[in-house]
Amino acid sequence: CIEEFDKQEKFQPPEWLKGKIFSQIENEDDLTTFISCLEKTGYDTILNTSGSFTVFAPTDEAFKQFFEEHPDYKILLESDEPSTELNKLIEYQILYNAWTQEQFQSMNGVYKRMTLFREENKSYPVKLIGGNTYQIAESSENETIKSYSQANKFCPIFFDNYLNNKDLDGSDYEFYFNRPFNPGKLYFAGAEFEDEIPAENGFIYKTDKVILPLPNGEDILKKGSESHSYNKFLSLIQSFSIFSFNHQTTNEQQED
């Protein structure tokens, strides 16, 4: 018989470790809007209960700029009703597992990290081409099939060694995110982040921008650009898409 682990001195948390993630965020004077978002979406409780996370916390100034460009999100935050879109936004600012700055910059071939955000399953009009195999149809009047979005969305981390290793430079980064790349700095997609704030169950990094979930190739082709449409090219790609029914995955899905 020995003294319980949680009562032994060597297993006590260090004095500088004040508490879990949300408790640490509450101590920061310039994260009040982010705190409101966490409380609105229920992630204040989640981040203070269990699990290991890394949180990219946009400052109040970052949210001020974001709301000027996306006023609909401010309305969602101020509304009494729950918001799926606000949940998606917050989930994209949170990574699974605790990542230090040093780990972010390790050149192990992985520069994207998994966020809590998972896209909703998408429905496509399809036509049966044999057995349980389907192909995307041009008309929405055809049978509809749901494609299971199995993986969470990832978000990239950019830093000097990554760009150098991939034979890229700051102008390549600027092309994608419309902001300069400052050598020596770290970026969560298009947001520059500061030194880590340690917590009992992870790390917090203050960021100077709010990051919307980055679009994938299909999203970009669907949306097009100001002067170009890619619907025909998207239809050509989809003509080679084959769907088959997966009993196991279907049975494992939660009810709508």
Side-chain angles (χ1 to χ4, degrees), residues 21-22 24-41 43-44 47 53-78 83-96 98-101 103-105 111-119 152-160 162-163 168-197 199 202-216 219-220 223 225:
I21 289 176
F22 183 70
Q24 292 289 72
I25 291 174
E26 284 188 302
N27 294 329
E28 302 298 321
D29 295 335
D30 56 349
L31 297 180
T32 58
T33 307
F34 187 60
I35 289 170
S36 297
C37 289
L38 292 175
E39 292 173 338
K40 170 82 174 181
T41 58
Y43 276 98
D44 56 337
L47 294 175
F53 306 101
T54 297
V55 177
F56 290 98
T59 63
D60 291 337
E61 184 62 32
F63 267 107
K64 179 181 178 181
Q65 178 184 344
F66 178 74
F67 287 150
E68 289 176 356
E69 299 169 356
H70 305 277
D72 48 325
Y73 279 93
K74 186 175 183 180
I75 295 172
L76 294 176
L77 176 59
E78 295 174 347
S83 168
T84 301
E85 291 304 311
L86 189 61
N87 272 60
K88 292 177 182 178
L89 179 71
I90 296 306
E91 288 167 357
Y92 202 66
Q93 318 302 309
I94 305 174
L95 307 183
Y96 283 106
W99 299 101
T100 65
Q101 279 193 333
Q103 289 172 321
F104 276 138
Q105 297 177 84
Y111 79 105
K112 291 185 178 181
R113 310 290 174 169
M114 184 186 294
T115 72
L116 268 59
F117 171 55
R118 175 181 290 184
E119 286 188 308
N152 291 63
K153 290 277 278 188
F154 283 66
C155 194
I157 307 293
F158 291 94
F159 49 95
D160 290 323
Y162 173 77
L163 295 182
L168 302 171
D169 59 36
S171 63
D172 296 299
Y173 175 88
E174 184 174 356
F175 172 79
Y176 282 105
F177 294 102
N178 195 30
R179 68 171 299 168
F181 179 89
N182 294 319
K185 298 294 185 179
L186 281 78
Y187 294 85
F188 172 67
E192 186 176 299
F193 60 92
E194 301 178 4
D195 294 340
E196 63 223 30
I197 301 172
F203 296 100
I204 304 125
Y205 296 90
K206 293 183 183 180
T207 63
D208 66 350
K209 286 185 179 295
V210 181
I211 300 300
L212 287 167
L214 299 179
N216 58 29
D219 297 330
I220 293 172
K223 183 179 180 180
S225 63

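Within the 4.5 Å cutoff, the side chain of Y205 has heavy atoms near those of the T54 side chain. In this structure, the side chains of F203 and T100 come closer than 4.5 Å at one or more pairs of heavy atoms. Contact annotation: the side chain of F66 approaches that of L89 to within less than 4.5 Å [non-hydrogen atoms, C-beta and beyond]. Inter-residue side-chain proximity for E119 and N216 is flagged as met; some heavy-atom pair is nearer than 4.5 Å. Counting heavy atoms from C-beta outward, D208 and R179 have side chains that approach closer than 4.5 Å.
Atoms CG and CD, on L86 and E91 in that order, are 9.5 Å from each other to the nearest 0.5 Å. How far CD of E69 is from CD of Q65: 5.0 Å, rounded to the nearest 0.5 Å. The CG atom of L116 lies 4.0 Å from the OH atom of Y96; values are rounded to the nearest 0.5 Å. Between D44 atom CG and C37 atom SG the span is 11.5 Å, to the nearest 0.5 Å. Note that CD1 of I204 and CZ of F22 are 10.5 Å apart. Values are rounded to the nearest 0.5 Å. The line from CZ of F158 to CG of L163 is 7.0 Å long, rounded to the nearest 0.5 Å.
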- Message: Does I157 form a side-chain contact (heavy atoms from CB on, under 4.5 Å) with R113? I'd like the steps, not just the answer.
- Response: CA-CA 8 Å; I157 307 293; R113 310 290 174 169; 4.0 Å; yes
- Step-by-step side-chain contact (heavy atoms from CB on, under 4.5 Å) determination, L95 to F56: CA-CA 8 Å; L95 307 183; F56 290 98; 3.5 Å; yes
- Message: Please evaluate residues D60 and T33 with respect to the criterion side-chain hydrogen bond (donor to acceptor under 3.5 Å, both in side chains), reporting the C-alpha separation (whole Å), side-chain torsions for both, the decisive distance (0.1 Å), and the verdict.
- Response: CA-CA 6 Å; D60 291 337; T33 307; 3.2 Å; yes
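Not counting sequence neighbours, E174 has no partner by the salt bridge (Lys or Arg N to Asp or Glu O under 4.0 Å) test. For K88, the salt bridge (Lys or Arg N to Asp or Glu O under 4.0 Å) test picks out E85, E120, with sequence neighbours left out.
Closest heavy-atom contact between I211 and Q93: O-NE2, 2.5 Å. Contact record, K206 with E28: NZ-OE1, 2.8 Å, taken as the closest heavy-atom pair. Minimum heavy-atom separation, Q24 to A199: CG-CB, 3.7 Å. When all heavy atoms are compared, the tightest approach of F117 to P213 is CE2-CB, 3.6 Å. The two atoms that bring A62 and V210 nearest to each other are O-CG2, 4.0 Å, heavy atoms only. In this structure, G202 and I21 approach most closely via the heavy-atom pair CA-CD1, 4.1 Å.
Ring orientation note: the planes of H70 and Y73 are nearly perpendicular, at an angle over 60° on the 30°/60° scale. Below 30°, between 30° and 60°, or above 60°: for F63 and F67 the angle between ring planes is between 30° and 60°, a tilted geometry.
With I25 as the fixed residue, the side chain to side chain contact (heavy atoms under 4.5 Å, CB included) test singles out one of L38, I197, T32: L38.
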Extract all donor-acceptor atom pairs below 3.5 Å that involve side chains of residues 181-188 and protein atoms in other chains or at least two apart in sequence.
residue: N182; atom: ND2; partner: E192; partner atom: OE1; Å: 3.4
residue: Y187; atom: OH; partner: N182; partner atom: N; Å: 2.9
residue: Y187; atom: OH; partner: E192; partner atom: OE1; Å: 2.9

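Ring-centre distance between F53 and Y43: not below the 6.0 Å cut-off. In summary, the aromatic rings of F104 and F193 are positioned with their centroids under 6.0 Å apart.
A donor-acceptor contact shorter than 3.5 Å links the side chain of T115 to the backbone of K153.
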